[in-house]
Amino acid sequence: MAAPCGRGTLTLFLVSLSAAFLTYNVLVSFRSSLQPLPSSFPTASSSSSSSSSSSSRRFGAARRRAFHTAVTASGNAYNTWQCRVMYHWFKEARRAPGGAEMGGFTRVLHSGKPDEFMDEIPTFVADPLPDGDQGYIVLNRPWAFVQWLQKADIKEDYILMAEPDHIIVKPIPNLSRDGQAAAFHFFYIEPEKYENVLRKFFPEDKGPITKIDPIGNSPVIIEKESLGRIAPTWMNVSIAMKNDPDADKSFGWVLEMYAYAVASALHGVGNILHKEFMIQPPWDLEVGDAFIIHYTYGCDYDMKGKSTYGKIGEWRFDKRSYDDKPPPRNLPLPPNGVPQSVVTLVKMVNEATGSIPNWDSYAASY
C-alpha cells in the first residue's frame with residue numbers, strides 16, 4: 001500500500017488506531033448479539049395447524065434474513081431532501097407484500113450534530129473524519145459506517161447499504177446467499193484497467209486482480225459480521241487512496257467505491273452481481289424488474305421527447321438543480337416520448353413530496 005505523506009500519515013495512523021479498537025468492539029458485539037430466538041418467537045412447533053406452521057416458518061425465516069437499510073448523509077439541503085424522499089419509499093416498500101425481509105432503517109448522519117429531521121427519519125449521528133474530508137465529502141462514509149456498526153444496536157443480521165438518491169420501486173428481498181454479498185455491477189468500476197494502481201492496495205500475494213469485483217458499497221446487501229470486518233479496511237484504503245496522487249487522479253469521484261471493492265476482496269467476501277438491483281435513468285429506459293431507481297444522472301430532453309444529454313434540455317430533471325434547496329411539489333412531467341424509467345422517477349418524486357408533511361413550508365424555508 002502506498003504510504004501517504006505529511007499530515008495524511010498522521011491522520012491515517014490515528015484513524016487506523018481508532019479502527020483497531022473499534023474492530024475488536026464490533027466483533028465482540030456481533031458475537032454477543034447472536035442469541036437464540038426467544039421462546040415467544042413463532043416457530044413450527046408453536047401451532048398444531050399445518051397452515052399456521054407453514055406461515056410461522058416463512059415468517060421466522062424472513063425475520064432471520066431481515067436486513068437493516070443504512071443510508072449515509074452529510075446533512076446539507078441536497079442530501080436531506082433526497083433522504084426524505086428515499087425514506088418515504090422505503091416505508092412504502094416495507095409494508096407492501098414481499099417486504100418481510102426489509103427490517104429497520106437508519107440515516108447515518110456524518111455531520112457530527114443532530115438536525116431537525118431526527119424525529120422523521122431514524123438517525124444515528126456520526127462524527128466526520130477528524131482531519132477533514134479533503135474536499136471529497138464521501139470520504140466520511142466509511143468512517144461513519146465504522147462508528148455506526150460499533151455503537152448502534154442493530155437487530156438484523158444483514159445490512160443493505162443504500163444512498164439518498166435511491167428510490168425503492170418495490171420490496172427488496174435479501175439477495176445475499178451463502179456468505180456472499182449481493183451487489184450491483186457498475187460498468188465504470190474497472191479493476192483490470194487500473195491494475196497497476198490497485199496493486200498498491202491489493203498486493204499480488206492476495207490473488208489475481210479479478211478478485212476485486214466491479215462494485216461500490218451501494219447497493220450492497222451483506223452479513224453484518226462481514227461488514228464489521230470490511231468497514232475499517234474500507235475506511236483506511238479510502239484515505240490511503242485519497243492521499244496517493246495516482247489513485248486520486250485515476251479514480252476521482254468513485255474513489256471510495258474502488259476502496260470498498262478492494263476492502264471486500266481483501267477480506268475474502270465475494271459478491272453476487274445482480275443487474276436487476278437497480279437502474280440508472282436515462283441510460284436504462286425501463287424500470288423492468290429493478291428494485292431501485294438511482295437518479296445520479298441528469299435527464300434532459302427537448303419537447304419532442306428526444307434526449308439532449310450533455311446539454312440542458314427544454315425539459316429536465318437533475319438532482320443537482322436542487323443542490324441548495326429541495327424541489328417543489330408537482331414537478332412537471334416529461335413530454336411524450338421520454339423513456340418510462342424517467343417518467344416513473346419524476347412521478348415517484350412527486351408522489352413522495354406530495355405525501356411528506358410540511359414539504360411546501362420546508363421548501364420555502366430555503
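As a basis for the values below, the full set of heavy atoms in this structure was taken, side chains included, without hydrogen atoms, waters or symmetry mates. Sequential numbering from 1 along the given sequence is applied to the chain's residues.
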Counting C-beta onward and ignoring hydrogens, is there a side-chain heavy-atom pair between [X] and [Y] closer than 4.5 Å?
X	Y	result
Lys200	Asp244	yes
Asp248	Leu255	yes
Val71	Tyr87	no
Glu101	Phe67	yes
Ser218	His166	yes

Grab the two heavy atoms, one from [X] and one from [Y], that are nearest each other, plus how far apart they are.
X	Y	answer
Val85	Ala352	CG1-CB, 3.9 Å
Phe90	Gly103	CZ-O, 3.3 Å
Phe201	Leu266	O-CD1, 3.8 Å
Ile167	Tyr295	CG1-CE2, 3.8 Å
Ala70	Phe145	CB-CE2, 3.7 Å
Ser341	Ile279	CB-CD1, 3.8 Å

**OP:** Please report the C-alpha distance between Leu198 and Met241 in whole Å, then the side-chain angles of each, then the deciding distance to 0.1 Å, and finally whether the side-chain contact (heavy atoms from CB on, under 4.5 Å) criterion is met.
**Re:** CA-CA 9 Å; Leu198 288 171; Met241 283 184 172; 3.9 Å; yes
**OP:** Go through the steps for Ile230 and Val269 under the test side-chain contact (heavy atoms from CB on, under 4.5 Å), then give the verdict.
**Re:** CA-CA 9 Å; Ile230 290 171; Val269 178; 3.8 Å; yes
Sidechain N-carboxylate O distance under 4.0 Å for [X], [Y]:
X	Y	value
Arg199	Glu195	yes
Arg141	Glu163	yes
Asp153	Lys155	yes
Arg329	Asp360	yes
Arg316	Asp302	no
Lys224	Glu156	no

Donor-acceptor side-chain pairing of [X] and [Y] below 3.5 angstrom:
X	Y	result
Ser74	Asn79	yes
Asn330	Asn350	no
His267	Ser226	no

Original post:
How far apart are the C-alpha atoms of Asp165 and His294, what are their side-chain angles, what is the distance that settles it, and do they pass the side-chain hydrogen bond (donor to acceptor under 3.5 Å, both in side chains) test?
Top reply: CA-CA 6 Å; Asp165 61 352; His294 181 209; 3.2 Å; yes
**OP:** Kindly indicate, with the supporting measurements, whether the criterion salt bridge (charged side-chain N to carboxylate O under 4.0 Å, His left out) is fulfilled by Lys242 and Asp133.
**Re:** CA-CA 9 Å; Lys242 188 63 181 172; Asp133 58 32; over 6 Å; no
Subject >> Criterion side chain to side chain contact (heavy atoms under 4.5 Å, CB included) against Trp143, the qualifying member of Pro130, Pro232, Ser238 >> reply: Pro130
Please indicate whether [X] has more than 12 foreign heavy atoms, meaning atoms of other residues, nucleotides or ligands, lying under 6.0 Å from its [atom1].
X	atom1	value
Asp205	CG	yes
Ile312	CD1	no
Gln340	CD	yes

Using the ring of [Y] (Phe, Tyr or Trp, six-membered ring only), decide whether [X] places NZ or CZ under 6.0 Å from its centre and within 45 degrees of its axis.
X	Y	value
Lys275	Phe184	no
Arg65	Tyr158	yes
Lys170	Phe291	yes

Original post:
Do Trp283 and Ile189 share a hydrophobic cluster (ILVMFWY, side-chain heavy atoms under 4.5 Å, transitive)?
Top reply: yes
**OP:** Tell me whether Ile356 is reachable from Ile293 by hopping between hydrophobic residues (I, L, V, M, F, W, Y) whose side-chain heavy atoms are closer than 4.5 Å.
**Re:** yes
Centre-to-centre under 6.0 Å for [X] and [Y], is that the case here?
X	Y	result
Trp253	Tyr136	no
Trp148	His68	yes
Tyr78	Tyr322	no

Original post:
How far does CG of Asn196 sit from CD1 of Ile209, to the nearest 0.5 angstrom?
Top reply: 9.0 Å
**OP:** Rounded to the nearest 0.5 Å, what's the gap from CD1 on Ile221 to CG on Asn271? Could you check?
**Re:** 11.5 Å
Taking [X] for the side chain and [Y] for the main chain, is one N or O donor matched with an acceptor at less than 3.5 Å?
X	Y	value
Asn140	Ile137	yes
Arg320	Thr296	yes
Asp284	Glu286	no

Original post:
Thr72 and His110: side-chain contact (heavy atoms from CB on, under 4.5 Å), yes or no, with the steps?
Top reply: CA-CA 7 Å; Thr72 57; His110 52 72; 4.1 Å; yes
**OP:** Test side-chain contact (heavy atoms from CB on, under 4.5 Å) on Trp359 and Trp81 and set out the steps.
**Re:** CA-CA 9 Å; Trp359 189 273; Trp81 72 258; 3.7 Å; yes
